[in-house]
Chemist: 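For reference, the structure I am asking about is given below.
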Amino acid sequence: MPLLQFNLVKNAWTKPQVKEILDIAYDVTLSAFNAPNGDRYQTVSYFDSDDLIMKDTGLGFQRTDKRILLNIRTRPRTNDEKIKFYQQFLAILQEKMGLDPHDLMVDMVENGDADWSFADGKPQFLTGDL
């Protein structure tokens with residue numbers, strides 16, 4: 001049940017392409033994190049190119065307007081699960097969308113069971129509803 005927040009440059013991707021990116025991410029989430037089917041929480045924010053700044057951190061590459069900054073909030077994941085997500089997501093984006101590997105940046109922030117309330121003002125992981 002991770003929450004995936006996609007940050008994209010305005011007009012760099014068409015609406016059908018954005019839908020495909022989200023669908024790919026969902027499928028990889030199911031695979032890499034063993035999330036249950038139907039466990040899908042995603043948002044998309046659009047920025048002018050100058051407002052989505054993603055420098056190379058000294059790695060020596062350039063990014064294009066097709067860049068994707070993906071922020072993930074999730075319950076704790078193993079390093080292997082995280083690496084599997086990074087690798088699978090990129091591989092499929094490269095294959096299906098022609099994404100340059102430098103244009104994808106992913107960060108994950110972990111939180112605990114008490115940090116999620118899906119409805120009704122209840123922490124469903126703590127109450128046993130989930």
Side-chain angles (χ1 to χ4, degrees):
M1 121 322 319
L3 169 62
L4 282 65
Q5 299 172 298
F6 295 83
N7 302 282
L8 307 173
V9 174
K10 287 179 192 172
N11 302 317
W13 300 98
T14 65
K15 287 289 186 181
Q17 288 173 321
V18 171
K19 182 185 180 316
E20 186 168 4
I21 292 167
L22 273 61
D23 290 346
I24 291 167
Y26 171 66
D27 290 342
V28 173
T29 300
L30 295 177
S31 171
F33 298 155
N34 296 312
N37 197 18
D39 198 15
R40 187 170 183 168
Y41 302 92
Q42 300 173 318
T43 64
V44 180
S45 297
Y46 296 95
F47 298 88
D48 290 330
S49 184
D50 293 341
D51 295 331
L52 183 57
I53 300 168
M54 294 168 53
K55 298 295 183 183
D56 68 359
T57 315
L59 296 171
F61 54 79
Q62 299 290 318
R63 298 187 200 262
T64 73
D65 279 351
K66 297 279 189 183
R67 63 190 174 272
I68 299 169
L69 173 56
L70 174 56
N71 311 116
I72 301 175
R73 288 192 189 124
T74 183
R75 298 169 82 189
R77 305 291 173 184
T78 67
N79 287 343
D80 288 342
E81 288 173 320
K82 292 175 186 180
I83 291 167
K84 183 176 180 181
F85 181 90
Y86 302 145
Q87 292 175 343
Q88 282 186 357
F89 189 46
L90 175 60
I92 297 170
L93 287 175
Q94 284 182 288
E95 176 188 329
K96 291 188 174 186
M97 314 287 296
L99 186 74
D100 183 311
H102 296 143
D103 279 337
L104 178 62
M105 180 176 168
V106 180
D107 79 293
M108 290 192 202
V109 176
E110 294 181 348
N111 56 28
D113 290 350
D115 299 314
W116 296 92
S117 174
F118 294 91
D120 301 326
K122 296 179 185 178
Q124 282 83 2
F125 288 124
L126 296 180
T127 62
D129 294 328
L130 286 175

Chemist: Can you see which heavy atom on Gln42 is nearest to which on Ala25, and at what distance?
Modeler: NE2-CB, 4.0 Å
Chemist: For the residue pair Gln62 and His102, what are the closest heavy atoms and their distance?
Modeler: O-CB, 3.7 Å
Chemist: Do we see a donor-acceptor contact under 3.5 Å between the side chains of Asp129 and Thr127?
Modeler: yes
Chemist: Looking at Asp23 and Lys19, is there a salt bridge between them, counting it only when a charged N and a carboxylate O are closer than 4.0 Å?
Modeler: yes
Chemist: List, by chain and then residue number, the residues other than Leu30 in its hydrophobic cluster (Ile/Leu/Val/Met/Phe/Trp/Tyr, side-chain heavy atoms under 4.5 Å); write none if there are no others.
Modeler: Tyr26
Chemist: What about Val9 and Ile21, same hydrophobic cluster or not, with Ile/Leu/Val/Met/Phe/Trp/Tyr joined at side-chain heavy-atom distances under 4.5 Å?
Modeler: no
Chemist: Within this structure, what is the OG-CG distance for the pair Ser45 and Asp51, rounded to the nearest 0.5 Å?
Modeler: 12.0 Å
Chemist: Please check if Leu69 and Leu3 belong to a single hydrophobic cluster, counting links between Ile, Leu, Val, Met, Phe, Trp and Tyr side chain heavy atoms closer than 4.5 Å.
Modeler: no
Chemist: Measure the spacing between CD1 of Ile68 and CG of Leu99 and express it to the nearest 0.5 Å.
Modeler: 5.0 Å
Chemist: Salt bridge check, Asp80 against Lys82: does any charged N sit closer than 4.0 Å to a carboxylate O?
Modeler: no
Chemist: If you round to the nearest 0.5 Å, how far is CG of Asp100 from CZ of Phe61?
Modeler: 9.0 Å
Chemist: Between Ile72 and Phe125, is there a shared hydrophobic cluster once you connect ILVMFWY residues whose side-chain heavy atoms come closer than 4.5 Å?
Modeler: no
Chemist: Minimum heavy-atom separation for Asp50 to Ile53, with atom names?
Modeler: O-CG1, 3.5 Å
Chemist: Going from CE on Met54 to CZ on Phe47, what distance comes out if it is rounded to the nearest 0.5 angstrom?
Modeler: 11.0 Å
Chemist: Which heavy-atom pair separates Gln124 from Ala119 by the least distance, and what is that distance?
Modeler: NE2-O, 2.7 Å
Chemist: Measure the acute angle between the ring planes of Phe118 and Tyr41, then classify it against the limits of 30° and 60° as parallel, tilted or perpendicular.
Modeler: tilted
Chemist: Looking at Asn11, I want to see if its CG is surrounded by more than 12 non-hydrogen atoms of other residues, nucleotides or ligands under 6.0 Å.
Modeler: no
Chemist: Using 0.5 Å steps for rounding, measure from the NZ atom of Lys10 to the CG atom of Leu8.
Modeler: 12.0 Å
Chemist: Does any N or O in the side chain of Ser117 come within less than 3.5 Å of the main-chain N or O of Pro123, such that one atom is a donor and the other an acceptor?
Modeler: no
Chemist: Does Arg73 CZ have over 12 foreign heavy atoms under 6.0 Å away?
Modeler: no
Chemist: As an exercise, state the distance from CG of Leu70 to CG of Leu104, rounded to the nearest 0.5 Å.
Modeler: 7.0 Å
Chemist: Check the pair Lys66, Met97 against side chain to side chain contact (heavy atoms under 4.5 Å, CB included), reporting the backbone distance first and the verdict last.
Modeler: CA-CA 10 Å; Lys66 297 279 189 183; Met97 314 287 296; over 6 Å; no
Chemist: Regarding Arg77 and the six-membered ring of Phe85, is the cationic atom NZ or CZ under 6.0 Å from the ring centre and inside 45° of its axis?
Modeler: no
Chemist: What I want to find out is whether Asp113 reaches Arg75 closely enough, with some N-O distance under 4.0 Å, to be called a salt bridge.
Modeler: yes
Chemist: Under 3.5 Å, which donor-acceptor pairs link side chains of residues 89-96 to any protein atom two or more places apart or in another chain?
Modeler:
none

Chemist: Hey, any chance Leu22 and Leu52 share a hydrophobic cluster, counting ILVMFWY side chains that come within less than 4.5 Å of each other, even indirectly?
Modeler: no
Chemist: Would Trp116 end up clustered with Leu130 when hydrophobic side chains under 4.5 Å apart are linked, directly or stepwise?
Modeler: yes
Chemist: Taking all heavy atoms of Arg67 and all of Trp13, pick out the closest pair and write down the distance.
Modeler: O-NE1, 4.4 Å
Chemist: Under 3.5 Å, is there a donor-acceptor pair between the side chain of Asp103 and the main chain of Thr64?
Modeler: yes
Chemist: Using modelled atom types only, decide if a donor and an acceptor are shared between the side chain of Asp27 and the backbone of Ile24 within a distance under 3.5 Å.
Modeler: no
